[in-house]
Engineer: 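Can you keep this structure in mind? I'll have questions shortly.
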Protein chains: 2
Amino acid sequence: MSATIKSVAEYAGVSIKTVSRVINNEGTVKPDTLAKVQQAIDALDYRPNKAARDLAGRDNYVLGYVYDNPNAYYILAMQNGILKECRSNGYELLIHPCDATNPDIIDELVNMVNSARLAGLILSPPLSEMPDVLQAMDDKGIQYVRVLSGDKAPDNKPCVLVDDYQAARQITGHLLDQGHQRIAFIAGEKQHHSTTERQRGFYQALADHGIQADPELVIDGTYSFGTGVQSIQQLLALPEPPTALFACNDEIAAGALFGARMQGVDVPEALAIAGFENSPFSTQTFPPLTTASQPTAQIAQRATSSLIRSLQARKRKAENHTIPADIFVPELIVRESTSR
Amino acid sequence: MSATIKSVAEYAGVSIKTVSRVINNEGTVKPDTLAKVQQAIDALDYRPNKAARDLAGRDNYVLGYVYDNPNAYYILAMQNGILKECRSNGYELLIHPCDATNPDIIDELVNMVNSARLAGLILSPPLSEMPDVLQAMDDKGIQYVRVLSGDKAPDNKPCVLVDDYQAARQITGHLLDQGHQRIAFIAGEKQHHSTTERQRGFYQALADHGIQADPELVIDGTYSFGTGVQSIQQLLALPEPPTALFACNDEIAAGALFGARMQGVDVPEALAIAGFENSPFSTQTFPPLTTASQPTAQIAQRATSSLIRSLQARKRKAENHTIPADIFVPELIVRESTSR
DNA sequence: GAGTAAAATGACAGCGTTGTCATTATTATG
DNA sequence: CATAATAATGACAACGCTGTCATTTTACTC
């Protein structure tokens, strides 16, 4: 039988409430009392019973990860990062897949948070970028942290930023450095900020080099292999086809690579291709794809840690405890698909 | 405020204990009482409070899903299926990614089960196929359910079977029906039973048609795009190359498709290619891949339900409550990659 | 050193469920 | 039809913790 708060209290010669104060860092315990209790906790190898805490306390020590994103690798990496941080802080994770296009999505989320008594929510794109969802969470007083694309926080609510703009600028810059002048861009879903940010970075890099973007070379699509295949056909059929392509993600890039091969166009000799996201398969294409790597698990971990800290701060009524937003810049990974 | 067992009891006009009996499937409730309670539960949208159950009861209502599988789609599908069943039974899910090649894996698992007080474990390949892991679980009295490849249960401990053998036989049969005689096979990791079962099905189908398998046409590899690319080069370089290929999964098939194109070999005209698993990208290759679809989420759901039932049975001391193993046969999906 | 404010500690009632055991309704038996 | 055996239901005390509020101890003032 494992130790309970009662046995710790007896061992330390204090009341259970004092032990409770110690384990919750309430800070109103005298240093020598605290030492006694700490020692008792260590001696008995006491670990608070989560079920009892949840039942007795106001909040549950459970965080929620809500996602709707077709990219399984991304979700899993997020999940792993969140999990890691949850574990080291005694929190548990509730996973909730959902459909962001569902008109009742807001009710669904509010319901879930209430019925599972979640302490807070971790939101990734596209949910983290839906104003009405965020508004509803604010209205209901539900704590959350967002992972979103951008180079500065849109407001002062907790978020972790992924600077797709900067990374896209670097990738495009890399292509330009290789001597390319006609560079095509294939976009993903416009609802994802990542797409617009990457596109913004693309344009900025061209501007940096004094190059006027050719609208014919910019194609809208979805984050899919199919988009890559179709778009590259369209691009190669142009009177003056591009010599390089920046695809909004690796799946599009892989599709474009496939499409180019189908038309007998050599990569990278006749066409350089860069992707984004550093998906596992980006090393398995022939040639391997130049891409940008976002440390998704690390981003998730940071987001979770920031959520937990703000949760604890709120509990101690430390009102204006603002946590500065972290920014991650995906790192350029050069592989053979853009060799000279 | 969400409904409690007390409000359900009042609504149904019974005692809270009777409601408890209903939600725990204790089976000693009269049919019409049960109906009344069920209706009250539905009307009030009651969901048992996990913390209270955990605290009051002996076991925790938490299941664990332990996985080590490179295929993100598979994991996510499993997870969704498990989650669905967990939710409808008031269980929670603890996700635990791990590395099956880690020598301390067994300690890691036992530790995790104990410290999180898990009620049971859901194991998928390759963990579900590691005898020492299973042995350790048995020794420690940890309940589990396995998802594994096979056409009959290897023992009488709970499992859900995926009949890769039968499905592989069907795919190979489909290729044979198209008139192919020289059919190649590319295998995945031999540690995965799915590989050996699929290979067995392949051989059986050939034997069914009185064809002797040519060892030159059978290549060992890993479940990866790269294996596909390399293997197909090797196969096409043969004096008498195959006219059809059965790849052990879609990733290999996609690689083979890519490799064939690179060599100027048309698919399906000069080479028919079939994969396995019905991965999301199998519709996005050109041409789309013939494959076999395992309803992974459904399999996971069934496995979870079987675990939960056996957990409840054990609780009621119903000693020899054996649940027959479910068998799922993946379904053949014919697409253009094997058209005549 | 008395009086007061503030800090530290404790007593005790829940939280929502399950387990135990007592009670009541139903069925089977002679 | 009475009685025993069994099935169905209920009353109530835990489970281990936190919140509230009362009480005690300490620090500070004049």
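Any value given below was found using the heavy atoms of this structure, including those in side chains, with hydrogens, waters and symmetry copies removed. Because the structure is predicted, anything quoted here is derived from the model rather than measured. Naming: A, B, ... by sequence-line order, numbering from 1 per chain.
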Engineer: Given 3.5 Å as the limit, does a donor-acceptor pair link the side chain of Thr304(B) with the main chain of Ala300(B), or not?
Structural biologist: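 Judged by distance alone, yes, a pair lies under 3.5 Å.
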
Engineer: Please round to 10 degrees the angle between the axis of the first five pairs and the axis of the last five pairs in the helix from dG1(C)-dC30(D) to dG30(C)-dC1(D).
Structural biologist: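 Its terminal axes enclose an angle near 30°.
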
Engineer: Under 4.0 Å between a side-chain N/O of Tyr61(A) and OP1 or OP2 of dT18(D), yes or no?
Structural biologist: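 No, outside the criterion.
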
Engineer: Nearest whole Å is fine: how far is dT20(C) C1' from Glu26(B) CD?
Structural biologist: 12 Å

Engineer: For Ile299(B), give me all partners under side chain to side chain contact (heavy atoms under 4.5 Å, CB included), at least two apart in sequence or on another chain.
Structural biologist: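 Scan of Ile299(B) (side chain to side chain contact (heavy atoms under 4.5 Å, CB included), adjacent residues dropped) gives Val147(B), Val160(B), Val162(B), Gln294(B), Pro295(B), Phe328(B).
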
Engineer: For Ser124(A), check side chain to side chain donor-acceptor pair (under 3.5 Å) against everything at least two apart and list the hits.
Structural biologist: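 By the side chain to side chain donor-acceptor pair (under 3.5 Å) rule, Ser124(A) matches Tyr65(A).
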
Engineer: Provide, to the nearest angstrom, the distance between the CG atom belonging to Leu55(A) and the C1' atom belonging to dG14(C).
Structural biologist: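 After rounding, the reported distance stands at 9 Å.
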
Engineer: Both Ala52(A) and Thr28(A) contact DNA chain C. Which one's nearest nucleotide lies toward the 5' end?
Structural biologist: Thr28(A)

Engineer: Could you check how far CG of Asn24(A) sits from P of dT9(C), rounded to whole Å?
Structural biologist: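 My rounded result for the distance is 15 Å.
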
Engineer: For residues Leu123(B) and Val66(B), determine if any side-chain heavy atom of one lies less than 4.5 Å from a side-chain heavy atom of the other.
Structural biologist: yes

Engineer: Show me the pairs that pass salt bridge (charged side-chain N to carboxylate O under 4.0 Å, His left out) and involve residues 127-140 of chain A, at least two apart or across chains.
Structural biologist: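 Those involving residues 127-140 of chain A are Asp138(A)-Lys157(A).
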
Engineer: Find which nucleotide of DNA chain D each of Ile5(A) and Lys30(A) is nearest to by heavy atoms, and output the residue with the more 5' nucleotide.
Structural biologist: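 Mapping each residue to its closest nucleotide by heavy atoms, the 5'-most match is Ile5(A).
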
Engineer: Just how far, in rounded Å, is C1' of dT9(C) from CG of Leu34(A)?
Structural biologist: 13 Å

Engineer: If the cut-off is 4.0 Å, is Asn49(A) near the phosphate of dC15(D), judged by side-chain N/O to OP1 or OP2?
Structural biologist: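 Answer no for this pair, as no side-chain N or O of Asn49(A) is under 4.0 Å from OP1 or OP2.
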
Engineer: Enumerate the salt bridge (charged side-chain N to carboxylate O under 4.0 Å, His left out) contacts for residues 81-95 of chain B, please, sequence neighbours excluded, ordered by first and then second residue.
Structural biologist: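 Sorted pair list comes back empty.
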
Engineer: Rounded off to whole Å, could you give me the CG-to-C1' distance for the Asp54(B) and dG19(C) pair?
Structural biologist: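 The distance from CG of Asp54(B) to C1' of dG19(C) comes to 15 Å, rounded to the nearest Å.
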
Engineer: Could you tell me how far apart Asp32(A) (CG) and dT9(C) (C1') are, to the nearest whole angstrom?
Structural biologist: 13 Å

Engineer: Under the ring-ring contact (aromatic ring centres under 6.0 Å, His included) rule, collect the residues that match up with Tyr73(A), sequence neighbours excluded.
Structural biologist: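 Counting only residues at least two positions away or on another chain, Tyr73(A) forms a ring-ring contact (aromatic ring centres under 6.0 Å, His included) with Tyr73(B).
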
Engineer: Would you mind reading off the distance between Arg53(A) atom CZ and dC17(D) atom C1', rounded to a whole angstrom?
Structural biologist: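 Going from CZ in Arg53(A) over to C1' in dC17(D) covers 9 Å.
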
Engineer: In whole angstrom, what separates Lys6(B)'s NZ from dG10(D)'s P?
Structural biologist: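 One finds 15 Å between P of dG10(D) and NZ of Lys6(B), rounded.
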
Engineer: So which nucleotide from dG16(D), dT9(D), dT9(C) ends up closest to the side chain of Thr33(A)?
Structural biologist: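 Taking heavy atoms from C-beta onward, the closest nucleotide is dT9(C).
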
Engineer: Show every ring-ring contact (aromatic ring centres under 6.0 Å, His included) that has at least one partner inside residues 130-163 of chain B, sequence neighbours left out.
Structural biologist: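 ring-ring contact (aromatic ring centres under 6.0 Å, His included) check on residues 130-163 of chain B returns no pairs.
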
Engineer: Where along residues 10-22 of chain A does a heavy atom fall under 4.0 Å from DNA chain D?
Structural biologist: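 Listed by number, they are Ile16(A), Lys17(A), Ser20(A).
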
Engineer: Please identify each residue that fulfils salt bridge (charged side-chain N to carboxylate O under 4.0 Å, His left out) with Arg146(B), with sequence neighbours left out.
Structural biologist: Asp155(B)

